[in-house]
Amino acid sequence: MPVPALQRSMARARSTGRRLLSRTVGVPLHEQATAAQDDRPSPRLLREIAGLRAQNLRSRAPVVDPSGDAVVTMTTHGERIRLVWVALESIARGDILPRRLILFLDEPDLARPLPSPLLRLQRRGLEILPAAPGLRVHAKYWPYVSAILRHELPLVVSDDDMVYPARWLRVLVEAHRARPELVHAFRAHEIPCLDGALRPYREWRPASGTAPSFAHFGTGVSGQLLPVALLERLRDEGEGFLESAPTADDVWINAVAVRNGIQTAQVEAQSRNFPFVPATQATGLYRSNVAGGQNDVQLERTLAPEERERICAGSRPAAVRSRAAPTFVTWGRFTDNPWQDIIETGVRSAGISTIDLEHGASLESVLDRAADGLAVHLNWTAPITQRASTEEDACAAVDRALAEVDALQRAGGALIWTVHNAAAHEPINPCAERRLLEGLAERADIVHTMHPRTAEAIEEAWGIRLERQVNIPHPSYLGVYPDEMDRSSARSALGIPESRTAVLLHGTLREYKGLDALADGFLAARERGADLHLLVAGRPGAGFDAAAFEQRFADRDDVTVHADHVPVDEVQLWHRAADVLVMPYREGLNSGALQLAATFDLPVVAFPCMAVEQAQDEGWAVVVDPARREWLLDGLAALPSAARRRASEAARTRAPEATAEAFARIVLDAIATRSRPIDPTAVAVIVSFGSAALIERGLTPLLSRMRSVIVENPTDTAEHERLMAVADRLRGDLIEMPQNVGFGAAVRAGVQRALEMGARHVLLLNPDVRADAPTIERMLERSLAEPDAMVAPRILTPDGRLWFDGGVIDWDRGIARHRRRDEADRALDWLTGACLLVPVHAWDRLGGLDDDYFLYWEDVDFTHRWLAHGRLVLEPGAHVVHEVGGTQGSGGKSLGYTYYNARNRMLFAARHLGLRGLLRWSRSAPAYHDELLARSGAPDAAARARHRATAARGSRNGALRGVERLVRKRPESND
């Protein structure tokens, strides 16, 4: 059969298998599942749902108990109605049952035929009741709360997308019996405060312990029990949630609890998040409420000042890192540039030191300041590409500049990029410019724009999307330029009659500013008898023929051209002599010349461009038809009589002090975002075997922002002292092993220390990995959203090539390899331990890494074992760099690499495939030895022979050890 036909046949077989499995378990799987939910639920979860499916099909047992001690309610909507039976059936298999189990549906959903699984549950006691329209998520509790005149039983609110364990209701009810005055939850966040204010929701972390607190925020996702007293208060509060928290029932419930002196406690020491029902997460509220910031908006509307005070009184203060003054670097400083002066004044007023660097200069000299906070400002990008003589040189300059940005961010610094226009006005090397804009759009921590449509213009011109924007309008220059000269003095100095109307073009003389159109318009106006004087002042830009322009006005006494730089103290001369500023520009998003005109009360006549839109709306600029030669006369005639006054008002509205203060805020925000500590419950564990220099070079920016444990497998005294110094600078814990105990045992020691430090997530890191804090924070967010997952990033080589995109196992050939580009949809079999985020419950469940491997394959074994309990997730938006072989040195692979890879492959086969699999992999060992030999980089025949003999010895010893483990039936580690 031809290969494409074979592939199609296999794809049809897989699709058929998925459909059969989907029918068995009763939920969508794989191709039918949503993109938001990982479409490969763990085998354990599939077995569990299949059991619930069988229970739903066969059981006639009641789902309620008339003597039950609680009521359970839930709501669902839309497509999720066909899957809600899973959550309900998981509650029905519980150790104890509720007195009432109620599902609230709105009228449109009730009007449609109910799915068969729901009808079967209804026959066993499930109540399906109507909810008033518009309640949204509040429908899970409000119809019940508002309908009971006097509450006698606590209410347990539940979500429709969870698979609840059998003990779920029993644990909640027992907690209520012990402390009936509290809200009880399986999952609660601890609300951090700083200076009496709540921190943003995305900074909240899981609560620990079972002590009650007003600063504990219960979430309904894993279920929470509301005591009778709170139910009475919720009923009395009425439907205020529709205004203040329409999509956040947890926000409203917690606010009412705090308002009435009711605290929240977790029922277990660790926050719990039960498995999601497959194919339910695409319609969840996570994106809008958490990622989109709507929780913070609704908290602001719901909580009164006294409630915030009560919460913060019970909160542990958010950690504030003490540091020296942060640094602001202007990367590309023009002398005598008032715009840069304005923003630097604001930055210095905020207590930030400033440094100026040339365009394209290396940032290496400032990177050591990142530990105390560092922001680099890139203002004008044109010099990076336009100072190159060829397109090739321009691209090389772009690559150097982006490499500097990468180094800055690896060091913990932030990039602020001010976008003045969609593109350079006279692009010299357009391909290089696009490359630069794409690179900056991808990297910039903050994109500062001055026009509200900048992002639209960039996308329209280049197809490049701008993210992380902050809009601060271009300021006027009030108080920046000297302004002591009156009109008469200025005109006398320039020799302009008092009676003439003087029109001014000021600023760098460039083609896009339409100077030829200006000349034509002026001459046409003079031909019509207008008494005008033309003023042109500014330095010629690249490619502008100033001599030819001046020649057009030879021997005229009604034109004054100053084709040179205008010093700061002479700007007033030209503006006070003028009556109108002219802007026959072909394009422009922002214009300093426009704001300078407002500063000196000058109205504006302009060609259509985005830069003058607001001035036109404010009544101090008019826009003319550039196709008319008489455009200047048209514009002068159209200017309103109040144009000067309105220009003055606009200048005061955009005073430079306000811009300076706003810009300083975004600098501080950028620094804080890059330098704030990572969640203290996440602890990095690194094993070092002569790797002090690697850790210091690649991991310092990350480890300076998170807690860490470094485990040393010793080499020599000098290396130990270097590693001690690195750990001391990073304030990390250092564990010195008595001898080289191997990777697995060293990691086990490090994780044990991390657990003693209160870790809830352990980040396993190779010392030859370079990772930044935003990457790890993204992995943490994914882990918090999907607690049954181990999470890894994509891994790149230093030259940007994709090195690891997930691991798969060729079970026939006995090879664990990296997933290829054409296998993006293939299920993961393992994840590398080079950078792996492990929730501690997964570590406990598996008993950690298997020490027997000593080195290599232990991460394959560890992560593959987790598939029996949870999921492996590759976070596509997270990338780290791996100096592949960095711990090996430059002499190729060691004999130890060859030996342990060959040996541990056989151990893996014995553990996961049994004796038959071990024998099958033994037969393919010679082919695997050839692959190891190819990887080894052995330089000569003798070295290759040593590697081949070592591989054979490793496979033999691994097989013997595997057989020994099979014969002895040694208990595995908790999995």
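The analysis underlying the following values was restricted to heavy atoms, covering all of them including side chains, and did not include hydrogens, waters or symmetry mates.
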(request) First locate atom CD of E719, then atom OG of S688, and finally report the distance between them rounded to the nearest 0.5 Å. (result)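 Output value for this atom pair is 5.0 Å.
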(request) Identify the heavy atoms of I671 and G373 that sit nearest to each other, and give their distance. (result)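 Heavy-atom minimum between the residues: CG2-CA, 3.5 Å.
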(message) Distance alone, cut at 3.5 Å: any donor-acceptor contact between the side chains of H377 and T330?
(response)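 Not at all, the side chains of H377 and T330 share no donor-acceptor pair under 3.5 Å.
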(message) Looking at D805 and R821, is any side-chain nitrogen of the basic one under 4.0 Å from a carboxylate oxygen of the acidic one?
(response)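 Here R821 does not pair with D805 in a salt bridge, since their nearest N and O are not under 4.0 Å apart.
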(message) Side chains of R748 and D851, heavy atoms from C-beta outward: is any pair under 4.5 Å?
(response)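 Of all side-chain heavy-atom pairs linking D851 with R748, at least one is under 4.5 Å.
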(request) Salt-bridge test for E781 and R778: reply yes if a basic N is under 4.0 Å from a carboxylate O, no otherwise. (result)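 No.
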(request) Hey, could you give me the CD/CG distance between E777 and L702, rounded to the nearest 0.5 Å? (result)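 Here the interatomic distance stands at 9.5 Å.
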(message) On a heavy-atom basis, which atom in L699 and which in N766 lie closest, and how many Å separate them?
(response)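 In this case the closest contact between L699 and N766 is CD1-O, 3.9 Å.
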(message) Would you say that P793 contacts M779 through its side chain, given a criterion of any heavy-atom pair below 4.5 Å between the two side chains?
(response)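 When only atoms from C-beta onward are counted, M779 and P793 do touch, with a gap below 4.5 Å.
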(request) Please report the C-alpha distance between I710 and D733 in whole Å, then the side-chain angles of each, then the deciding distance to 0.1 Å, and finally whether the side chain to side chain contact (heavy atoms under 4.5 Å, CB included) criterion is met. (result) CA-CA 6 Å; I710 301 174; D733 277 30; over 6 Å; no
(message) Taking G814's backbone N and O only, do any of them form a donor-acceptor pair with R905's side chain (distance below 3.5 Å, no angle check)?
(response)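 Answer holds: yes.
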(message) Testing the basics here: between S955 and M906, what is the closest heavy-atom pair and its distance to 0.1 Å?
(response)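 Nearest heavy atoms, S955 then M906: O-CG, 3.5 Å.
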(message) To check you understand the geometry: which heavy-atom pair defines the closest contact between V366 and L374, and what is its length?
(response)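 So the two residues come closest at O-CD2, 3.5 Å.
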(request) State, with a plain yes or no, whether a side-chain heavy atom of L802 is found less than 4.5 Å away from one of L796. (result)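 Of all side-chain heavy-atom pairs linking L796 with L802, at least one is under 4.5 Å.
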(request) Would you give the length of the straight line joining atom CZ of R903 to atom OG1 of T898, rounded to the nearest 0.5 angstrom? (result)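 So the CZ of R903 and the OG1 of T898 are separated by 14.5 Å.
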(message) Strictly below 4.0 Å, N to O, side chains only: are E438 and R435 in salt-bridge contact?
(response)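 R435 and E438: not salt-bridged.
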(request) Find out whether T950 and H947 are in side-chain contact, i.e. whether some heavy atom of one side chain is under 4.5 Å from a heavy atom of the other. (result)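 No; the side chains remain at least 4.5 Å from each other.
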(message) Between R817 and D810, does any side-chain N to carboxylate O distance fall below 4.0 Å?
(response)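 Salt bridge: no.
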(message) Can you confirm whether L378 sits close enough to I384 that some side-chain heavy atom of one is under 4.5 Å from a side-chain heavy atom of the other?
(response)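 The answer is yes, as the side chains (C-beta and beyond) meet within the 4.5 Å cut-off.
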(request) Over all heavy atoms of both residues, which pair between S362 and S365 is shortest? Give the atoms and the distance, please. (result)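 Heavy atoms of S362 and S365 come nearest at O-OG, 4.4 Å.
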(message) For the backbone of L907 and the side chain of N904, can you confirm whether one donor and one acceptor N or O come within less than 3.5 Å of each other?
(response)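 The answer is no, because no donor-acceptor pair under 3.5 Å joins these two groups.
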(message) Other residues, nucleotides and ligands only: do more than 12 of their heavy atoms fall within 6.0 Å of CZ on R770?
(response)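 Yes, because the 6.0 Å sphere around CZ of R770 holds more than 12 heavy atoms from other groups.
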(request) Can you measure from CD (E875) to CZ (R782) and round to the nearest 0.5 angstrom? (result)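 One gets 5.0 Å once the value is rounded to the nearest 0.5 Å.
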(request) Verify, without hydrogens or angle tests, whether E404 (side chain) and A361 (backbone) share a donor-acceptor contact under 3.5 angstrom. (result)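 No; zero donor-acceptor contacts below 3.5 Å.
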(request) Might you work through the side-chain hydrogen bond (donor to acceptor under 3.5 Å, both in side chains) test for D861 and H912, ending with a clear yes or no? (result) CA-CA 9 Å; D861 170 74; H912 295 278; 2.8 Å; yes
(request) For residues W803 and H818, establish whether the separation of their ring centroids is below 6.0 Å. (result)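 Yes.
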(message) For the CD1 atom of I695 and the CG atom of L765, what is their distance to the nearest 0.5 Å?
(response)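 So the gap between those two atoms works out to 9.5 Å.
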(message) Ring centroids only, cut at 6.0 angstrom: are F804 and H882 within range, meaning strictly under it?
(response)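 No.
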(request) Compute the ring centroids of W843 and F862, then answer whether they are less than 6.0 Å apart. (result)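 Yes; F862 has its ring centre under 6.0 Å from that of W843.
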(message) Please evaluate residues L780 and V791 with respect to the criterion side chain to side chain contact (heavy atoms under 4.5 Å, CB included), reporting the C-alpha separation (whole Å), side-chain torsions for both, the decisive distance (0.1 Å), and the verdict.
(response) CA-CA 8 Å; L780 274 167; V791 181; over 6 Å; no
(message) I'd like to know if R935 pairs up with E931 as an ion pair, taking the criterion as any Lys NZ or Arg NE/NH1/NH2 lying under 4.0 Å from an Asp or Glu carboxylate oxygen.
(response)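 A salt bridge links R935 with E931.
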(message) Y856 and ring-ring contact (aromatic ring centres under 6.0 Å, His included): which single residue from F743, Y900, Y897, Y899 fits?
(response)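 That would be Y897; it is the only one of F743, Y900, Y897, Y899 passing the ring-ring contact (aromatic ring centres under 6.0 Å, His included) with Y856.
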(request) State plainly whether the residues R865 and D850 are in salt-bridge range, i.e. N to O under 4.0 Å. (result)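 No, this pair does not count.
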(message) Would you say that I795 contacts T832 through its side chain, given a criterion of any heavy-atom pair below 4.5 Å between the two side chains?
(response)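 SC-SC contact between I795 and T832 confirmed.
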(request) Before accepting this row, confirm whether a basic side-chain N of the pair D852/R965 lies closer than 4.0 Å to the acidic partner's carboxylate O. (result)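 Yes, this pair counts.
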(request) Taking the side chain as every heavy atom from C-beta outward, state whether D859 and L831 have any pair of such atoms under 4.5 Å apart. (result)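 Sidechains of L831 and D859: no contact.
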(message) Donor-acceptor pair, distance only, cut-off 3.5 Å: does the side chain of E823 make one with the backbone of R820?
(response)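 At least one qualifying donor-acceptor pair exists.
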(request) Dump the intermediate steps for side chain to side chain contact (heavy atoms under 4.5 Å, CB included) on V769 and V881, then the final yes or no. (result) CA-CA 6 Å; V769 162; V881 175; over 6 Å; no
(message) Please give me the minimum heavy-atom distance between W331 and A401, naming the atom from each residue.
(response)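 Taking every non-hydrogen atom into account, CH2-O, 3.6 Å.
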(message) Regarding H869 and D788, do their side chains bring together a donor and an acceptor under 3.5 Å, going by distance alone?
(response)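 There is no such pair (donor and acceptor under 3.5 Å, judged by atom type) between the side chains of H869 and D788.
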(request) Verify the neighbour count for atom CE of M737: are there more than 12 heavy atoms of other residues, nucleotides or ligands below 6.0 Å? (result)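 Atom CE in M737 is crowded, with more than 12 foreign heavy atoms closer than 6.0 Å.
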(request) With the side chain counted from C-beta on, respond yes when I355 and F328 share a heavy-atom pair under 4.5 Å apart, and no when they do not. (result)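 In short, these two side chains do not touch, never coming nearer than 4.5 Å.
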(request) Return yes if a side-chain donor-acceptor contact under 3.5 Å exists between T681 and H761, otherwise no. (result)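 T681 vs H761: no donor-acceptor pair found between side chains.
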(request) Mind checking side-chain hydrogen bond (donor to acceptor under 3.5 Å, both in side chains) for S353 and listing every partner two or more places apart, or none if nothing turns up? (result)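 side-chain hydrogen bond (donor to acceptor under 3.5 Å, both in side chains) check on S353 returns T327.
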(message) What's the separation between atom NE2 in H929 and atom CG in N901, rounded to the nearest 0.5 Å?
(response)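 Rounded to the nearest 0.5 Å, the NE2-CG separation comes out at 10.5 Å.
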(message) Under a 3.5 Å threshold, yes or no: a donor from one side chain and an acceptor from the other, between Q409 and D445?
(response)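 Yes, side-chain donor-acceptor contact under 3.5 Å.
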(message) Looking at R707 and M757, would you say the former's side chain and the latter's main chain have a donor-acceptor pair under 3.5 Å?
(response)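 Yes; judged by distance alone, with no hydrogens or angles, the pair exists.
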(message) Would the distance check show the side chain of T797 and the main-chain N or O of R801 forming a donor-acceptor pair, the cut-off being under 3.5 Å?
(response)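 Checking the backbone N and O of R801 against the side chain of T797, a donor-acceptor pair under 3.5 Å is found.
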(request) Assess whether side chain to side chain contact (heavy atoms under 4.5 Å, CB included) is satisfied between L763 and M706, documenting all intermediate values. (result) CA-CA 10 Å; L763 177 68; M706 73 181 298; 4.1 Å; yes
